[in-house]
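The structure under discussion appears below in the form of structure tokens.
We name chains A, B, ... by the order of the sequence lines, and we start the count at 1 in each one.
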There are 2 protein chains.
Amino acid sequence: MEKENTYYGVKEIARRANVSIATVDRVLHNRSGVSEKTKKKINDIIKELDYQPNILASRLASKKIISLAVLIPRVSEETDFWEAPMKGISRADSEIKKYGVQVTTFYFDLNDPATFNEQAAAILDGHFKGVLLAPSFIEESRMFVRACREKKVPFVFIDSDVPDEDNLCYIGPHLFQSGYVGAKLSTYRLKEKHKVAVVNISKETDSYNYLQIEEGFRSYFKDRSLPIEIIRIDIKDTDSLSVTRDLTRALHTHEDIEAIFVTNSRVFSVAAFLEKNKRSDISLIGYDYLKENIAYLNKELIDFLICHKPEEQGYRGLMALYQTLVLGAPVEKTHFMPIDIVTKENQAFYQN
Amino acid sequence: MEKENTYYGVKEIARRANVSIATVDRVLHNRSGVSEKTKKKINDIIKELDYQPNILASRLASKKIISLAVLIPRVSEETDFWEAPMKGISRADSEIKKYGVQVTTFYFDLNDPATFNEQAAAILDGHFKGVLLAPSFIEESRMFVRACREKKVPFVFIDSDVPDEDNLCYIGPHLFQSGYVGAKLSTYRLKEKHKVAVVNISKETDSYNYLQIEEGFRSYFKDRSLPIEIIRIDIKDTDSLSVTRDLTRALHTHEDIEAIFVTNSRVFSVAAFLEKNKRSDISLIGYDYLKENIAYLNKELIDFLICHKPEEQGYRGLMALYQTLVLGAPVEKTHFMPIDIVTKENQAFYQN
DNA sequence: TTTGATTTCGGGTACGTACCCGTAAATATA
DNA sequence: TATATTTACGGGTACGTACCCGAAATCAAA
């Protein structure tokens, strides 16, 4: 059994155009040194044959390496969420390494915007051909990507978006809709239909992301005209003691809260609080497939987790850069991740 | 920027062993014509250098093609579920085609086991190097894969499993757990906690698959000691009229059914029935991301759909064969798909 | 028209592996 | 020992593309 020979390569194009392979190659990579006339002739034949370069041969013959930079939060004791995107990034890396792509990862501290700026500066110095980043700090990210744009370095956002910057693409959740789903799940065990709480545990409680999620959350109740009071609880300090203190105060003020929706992965700290205070009557919904969260899911202190395939985000983010820079193929500007619902029952089979 | 030269290829092996590249190649493919002594020497060097063949160069140089067969149900008017796996299969196909893999697909009729046997026979005649199949008919599938095993042709099951056959791998749902999740979702709108129905619409109502799902379903209530009566409704004829007739009878006998769990993708026909009879008070849960099902999900006649990533099943199934036959890499024997929960709110972002 | 500069192009080798073909060495046979 | 066979191995080309280098063709200036 032999390969079918319906494949037309540069050789056939060269033959038909009465030129050498080298000239065809020049046109394909639009390098200089080809007259307009022959360029047109060759381009016509390329179109006619619908020429698809053999990427195997191409990468094999090429000696160039393409270096990409990744800028994401460091995994801390507080949350190991970013392990998952990192895993996806590594997977993509090992897949495309053989095609001459080299990935360098830079980490910043989620509690310190200055570290973001440091690492961003390092990337700008590093002559990278593309950047993948988590724009956790909005303003800092804006500054950085503007510098990238000036250098004509394409960049990809994952996990959260920064609107109106000219990014290559965004890969992450549809935040509004995600909050909407969170609201639906919050009603699962609602009885008296009294009060639900939106808890925001983060230094940046007013970021675009959280506002989007909360808006989606509120819209669900508005759309259904459900007479439910929504209590907003902001917890700026992310350590366990602060969380306990703030929650105690909030639950004291609002005794009849029946459900709590945590807008990020730190839902486990709320679960810990509920466990300590024996408040399994309160329904708890949060984000992300973390070990701690899953543990509380299994203890039935957390009812639902919403996940957005963080590993896939990392994988696809890197692949998007690979596609544009190596394959020269177009990528979609926005790629929304699925809004996955994880419960105690299906968690064992979840693919992060 | 140049590629790092830490890579050792056949050339380096040949140099170190004082032989030619051709001899190294003979050892690598354990072809004949090499003395034991030099074979050992070369093998030692291969191990020492941890030689990884450059798959790009390998496939480029090789003229061999590897042909694979796919055996799945034809898309019928009754259900277009198999469109999704087919899509995944096509995607895998176009990805690996350039590596010299050729895929031929054979379709059978879900209502006629004889067509399965016909197509299976055709595959056995076709000298394929590997087979991907949906074992919809258990006994027929057993016969077929035994013939494959005799011919040393590896085979992969998708969507449902056939226990105790020596398959290369199974890619599909954990059926028991899937039923378990279905049970949980069935309680979402339960009020009086009376009766729930398990509806099985299929020619093969006693197949291994459905039994597994139902067992999972029942286990959920048993595990929680919920005093709920489970009504089993079997509908052997899959046309709309039969479904209407059987459901009418069943709902007449059991007036207080509050939730219906359909064990496969034909849940839309139940939804149609409920819509016609204005029974939106009955909670409905079923399977699969079909256009019709999504329509009823949006009309809120279906509450939840459980999905098992059919497209990915097709993709991964073919890739598993590719991995073993082309790359010679091992694959996991069982790959359970996630048990995805699709609602009206998150359906727009679901990845089938 | 000649010279020189510039543009336009082709030959040829390399990437790492597969595999054909021919031949030297080893072994068997006369 | 000479010859026939077999075994063991090397040379070399091909896969489809990238890209260097040099040369022919074209153009500009004198």
Side-chain angles (χ1 to χ4, degrees), chain A residues 1-43 45-46 49-66 97-100 326-328, chain B residues 1-43 45-46 49-66 97-100 326-328:
Chain A
M1 288 195 241
E2 300 285 306
K3 276 186 198 169
E4 27 174 357
N5 272 341
T6 52
Y7 184 83
Y8 297 119
V10 281
K11 207 187 293 181
E12 175 67 14
I13 296 172
R15 200 186 59 77
R16 295 199 185 196
N18 268 324
V19 295
S20 75
I21 291 178
T23 302
V24 174
D25 189 67
R26 273 183 275 261
V27 172
L28 282 171
H29 299 84
N30 56 287
R31 265 178 266 136
S32 59
V34 185
S35 68
E36 280 306 318
K37 205 173 53 180
T38 53
K39 184 189 273 189
K40 189 186 177 318
K41 184 166 40 161
I42 291 173
N43 270 325
I45 295 173
I46 287 174
L49 296 184
D50 185 30
Y51 168 72
Q52 299 289 112
N54 184 324
I55 187 78
L56 299 196
S58 172
R59 290 311 301 173
L60 181 62
S62 174
K63 292 177 117 50
K64 285 214 194 77
I65 78 152
I66 290 173
K97 192 159 52 190
K98 60 167 76 80
Y99 296 104
V326 179
L327 304 184
Chain B
M1 290 194 243
E2 298 286 306
K3 277 185 196 169
E4 25 175 358
N5 272 342
T6 52
Y7 184 83
Y8 297 120
V10 282
K11 207 186 293 180
E12 175 67 13
I13 297 173
R15 201 187 58 78
R16 295 198 186 197
N18 268 325
V19 295
S20 73
I21 291 178
T23 302
V24 175
D25 188 69
R26 274 183 274 261
V27 173
L28 282 171
H29 299 83
N30 55 287
R31 265 177 265 136
S32 61
V34 186
S35 70
E36 282 304 318
K37 203 173 52 181
T38 51
K39 184 188 272 189
K40 189 186 176 319
K41 187 171 27 163
I42 290 173
N43 270 325
I45 296 172
I46 287 174
L49 295 185
D50 184 31
Y51 168 71
Q52 300 289 113
N54 183 323
I55 185 79
L56 299 196
S58 173
R59 290 310 300 173
L60 182 62
S62 174
K63 294 178 112 56
K64 286 214 192 74
I65 78 152
I66 291 174
K97 191 160 49 187
K98 58 167 78 78
Y99 296 103
V326 178
L327 304 183

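The distance from atom CD1 of B:Ile13 to atom P of C:dA18 is 11 Å, rounded to the nearest whole Å. Look at NZ on A:Lys11: it is 11 Å from C1' on D:dT13, rounded to the nearest Å. Taking atom CZ on A:Arg59 and atom P on D:dA18, their separation rounds to 9 Å, with Å as the unit. When the P atom of C:dT17 is taken as reference, atom CG of B:Asn54 falls 6 Å away, rounded to whole Å. Remark: P of C:dA18 and CG of B:Asp25 are 5 Å apart, rounded to the nearest angstrom. As rounded to whole Å, 12 Å separates atom P of C:dA18 from atom CG of A:Leu60. For B:Glu12 and C:dT17, the CD to P distance is 12 Å, given to the nearest whole Å. Per the geometry, CD1 belonging to B:Ile42 stands 8 Å off P belonging to D:dG10, to the nearest Å.
Between B:Arg26 and B:Pro53, the one whose closest nucleotide on DNA chain C sits nearer the 5' end is B:Pro53.
Panel note: side chain A:Lys39, backbone A:Val34; no donor-acceptor pair is recorded below 3.5 Å.
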| task | Report, as a single string ordered 5' to 3', how protein heavy atoms within less than 4.0 Å touch nucleotides 24-29 of chain D: B base, S sugar-phosphate only, - not at all. | result | ------

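Take A:Arg26 and apply the side-chain hydrogen bond (donor to acceptor under 3.5 Å, both in side chains) test, not counting sequence neighbours, and it matches no residue. Residues forming a salt bridge (Lys or Arg N to Asp or Glu O under 4.0 Å) with B:Lys40 (at least two apart in sequence, or on another chain): B:Asp44.
Remark: A:Ala22 in residues 15-24 of chain A come within less than 4.0 Å of DNA chain D through at least one heavy atom. Looking at residues 29-39 of chain B, you'll see B:Gly33, B:Val34, B:Ser35, B:Thr38 sit with a heavy atom under 4.0 Å from some atom of DNA chain D.
Residue A:Tyr8 places none of its side-chain N or O atoms closer than 4.0 Å to OP1 or OP2 of D:dT17.
In plain terms, the two heavy atoms of A:Tyr8 and A:Tyr51 that are nearest each other are O-CD1, 3.5 Å. When every heavy atom of B:Ile21 is checked against every heavy atom of B:Ala14, the shortest pair comes out as N-CB, 3.8 Å.
One distance of note links OG1 of B:Thr38 with CG of B:Asn43; it measures 9.5 Å at 0.5 Å rounding. Between atom CZ of residue A:Arg59 and atom CG of residue B:Leu60 there is a gap of 14.0 Å, rounded to the nearest 0.5 Å. In this structure, CD1 on A:Ile46 lies 4.0 Å from CG on A:Leu28, to the nearest 0.5 angstrom.
Residue pairs meeting the salt bridge (Lys or Arg N to Asp or Glu O under 4.0 Å) criterion with at least one partner in residues 16-25 of chain A, sequence neighbours excluded, are A:Glu12-A:Arg16, A:Arg16-A:Glu48, A:Asp25-A:Arg31.
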